[in-house]
Novice: 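I am attaching a structure below and will ask some questions about it afterwards.
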Amino acid sequence: MAGEPQSDCLFCKILAGSIPATVVRETERTLAFRDINPQAPTHILVIPHAHYPNAAELAAAEPAVAAELLTEAAAVATGEGLADYRLIFNTGAGAGQTVFHAHVHLLGGAPLREGLV
Ligand code: AMP
Ligand code: ZN
């Protein structure tokens, strides 16, 4: 069923507690935790509890939860003392997506390079 946990999904395993993560915030519908391979001084992932393969599929099925990824990312940034930050949704392997459970990257804590790629 759409949104149900997938046994072969890394982020579903983090949500289930079978793989450890450094959790920053959690709500009824979202989890924020530190990326294991940070690309900036602050690099946090915000994910929905529900399993969808990417952000667009999450938004189509559960738009309120997709919006909550953004409000949670803002709350995490505030909690980390970041006024300036970058949010990235990689979608598809060709764009660098390696975990096919919707997530947004929050990057900040140092001047970020200008430009998109
Ligand atoms: P993406 O490439 O957009 O699919 O992002 C997946 C992210 O998950 C990468 O930045 C990885 O460093 C991160 N990642 C992979 N395994 C873990 C883990 N066990 N805990 C935290 N972050 C992870
Ligand atoms: Zn999943």
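We count ligands from 1, going down the list as the structure has it; atoms in each ligand are counted the same way. When a residue number appears, it is its place in the shown sequence, counting from 1.
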Novice: Do V76 and Y85 have side-chain heavy atoms sitting under 4.5 Å apart?
Specialist: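 Side chain of V76 against side chain of Y85, heavy atoms only: no contact under 4.5 Å found.
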Novice: Report yes if some heavy atom in the side chain of L69 is under 4.5 Å from a heavy atom in the side chain of F89; otherwise report no.
Specialist: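 Sidechains of F89 and L69: in contact.
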Novice: Could you pull out the N/O/S protein atoms under 2.8 Å of the Zn ion (ligand 2), ignoring any water?
Specialist: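 Under 2.8 Å from the Zn ion (ligand 2) - ignoring waters, which are not counted - the protein N, O or S atoms are C9 SG, C12 SG, H51 ND1, H101 ND1.
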Novice: Does the N or O separation between G96 and ligand 1 drop below 3.5 Å for any pair?
Specialist: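 Yes, since at least one N or O of G96 sits under 3.5 Å from an N or O of ligand 1.
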Novice: Please indicate whether any nitrogen or oxygen in I19 is less than 3.5 Å from any nitrogen or oxygen in ligand 1.
Specialist: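 Between I19 and ligand 1, no N or O pair is found under 3.5 Å apart.
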Novice: Would Q39 count as a contact of ligand 1 if the rule is a heavy atom under 4.0 Å away?
Specialist: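 Flag not set, Q39 not near ligand 1.
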Novice: Closest non-hydrogen protein atom to atom 21 (C) of ligand 1, residue and atom name please, with distance?
Specialist: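 Protein heavy atom at minimum distance: I36 N, 3.4 Å.
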Novice: Please work out whether any backbone atom (N, CA, C, O) or any side-chain heavy atom from C-beta onward of T98 is under 4.0 Å from ligand 1, and answer side chain, backbone, both or neither.
Specialist: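 Looking at T98 and ligand 1, atoms from backbone and side chain both fall under 4.0 Å.
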Novice: With rounding to the nearest 0.5 angstrom, report the CD1 to CG distance, I44 to L82.
Specialist: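 So the gap between those two atoms works out to 7.5 Å.
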Novice: Consider ligand 1: state whether an atom of it lies below 4.0 angstrom from any non-hydrogen atom of F11.
Specialist: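 The answer is yes: ligand 1 sits under 4.0 Å from a heavy atom of F11.
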Novice: Once side-chain contact (heavy atoms from CB on, under 4.5 Å) is applied, do any residues pair with T27, and if so which ones, sequence neighbours excluded?
Specialist: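 Partners of T27 by the side-chain contact (heavy atoms from CB on, under 4.5 Å) criterion, ordered by chain and then number, come out as R29, T30, E68, E72.
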Novice: Under a 4.0 angstrom heavy-atom cut-off, which atoms of ligand 1 come close to R34?
Specialist: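 Going through ligand 1 atom by atom, the ones under 4.0 Å from R34 are 21 (C).
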Novice: What residue and heavy atom of the protein are closest to atom 13 (C) of ligand 1, and at what distance?
Specialist: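 Nearest protein contact, heavy atoms only, for atom 13 (C) of ligand 1 is D35 OD2, 3.3 Å.
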Novice: Okay, side chain of H49, backbone of E28: is any donor-acceptor separation there less than 3.5 Å?
Specialist: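 Checking the backbone N and O of E28 against the side chain of H49, a donor-acceptor pair under 3.5 Å is found.
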Novice: CG of L107 to CD1 of I88: how many Å apart, nearest 0.5 Å?
Specialist: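 Rounded to the nearest 0.5 Å, the CG-CD1 separation comes to 5.0 Å.
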Novice: How are the rings of H105 and H43 set relative to one another: parallel (under 30°), tilted (30 to 60°) or perpendicular (over 60°)?
Specialist: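 Answer is tilted, since the angle falls between 30° and 60°.
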Novice: Below 4.0 Å from ligand 1: does a non-hydrogen atom of F33 turn up there or not?
Specialist: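 The answer is yes, since F33 has a heavy atom less than 4.0 Å from ligand 1.
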Novice: Report yes if some heavy atom in the side chain of E80 is under 4.5 Å from a heavy atom in the side chain of V24; otherwise report no.
Specialist: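 Yes, close enough: below the 4.5 Å cut-off.
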Novice: Backbone or side chain, does any N or O of H103 fall under 3.5 Å from an N or O of ligand 1?
Specialist: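 Looking only at distances, the answer is yes, because the N/O contact criterion of under 3.5 Å is met.
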Novice: Taking both backbone and side-chain atoms of H43, is any N or O found less than 3.5 Å from an N or O belonging to ligand 1?
Specialist: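 No, since none of the N or O atoms of H43 sits under 3.5 Å from an N or O of ligand 1.
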Novice: Can you give me every donor-acceptor pair (side chain of residues 2-9, partner residue at least two apart or in another chain, under 3.5 Å) with its distance?
Specialist:
residue : atom : partner : partner atom : Å
Q6      : NE2  : E4      : O            : 3.1

Novice: Who pairs with N54 by side chain to side chain donor-acceptor pair (under 3.5 Å), at least two apart in sequence or on another chain?
Specialist: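 Testing N54 for side chain to side chain donor-acceptor pair (under 3.5 Å), a comparison that skips the adjacent residues, returns none.
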Novice: Output yes when a side-chain donor or acceptor of H103 lies under 3.5 Å from a complementary backbone atom of N90, and no otherwise.
Specialist: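 Here the side-chain-to-backbone pair does not exist.
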Novice: To the nearest 0.5 angstrom, please state how far the CG atom of D35 sits from the OG1 atom of T42.
Specialist: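 Reported to 0.5 Å precision, the distance equals 11.5 Å.
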Novice: Can you confirm, on distance only, whether ligand 1 has an N/O atom lying under 3.5 Å from any N/O atom belonging to V99?
Specialist: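 Yes: some nitrogen or oxygen of V99 is under 3.5 Å from one in ligand 1.
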Novice: Output the distance between atom CG (L15) and atom CG (L31), rounded to the nearest 0.5 Å.
Specialist: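 One gets 5.5 Å once the value is rounded to the nearest 0.5 Å.
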Novice: Counting each atom of ligand 1 from 1 as listed, which ones have a heavy atom of N37 under 4.0 Å away?
Specialist: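 Result: 12 (O).
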Novice: Specify side chain, backbone, both or neither for L10, according to which of its non-hydrogen atoms lie closer than 4.0 Å to ligand 1.
Specialist: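 Contact part for L10 vs ligand 1: side chain (C-beta onward).
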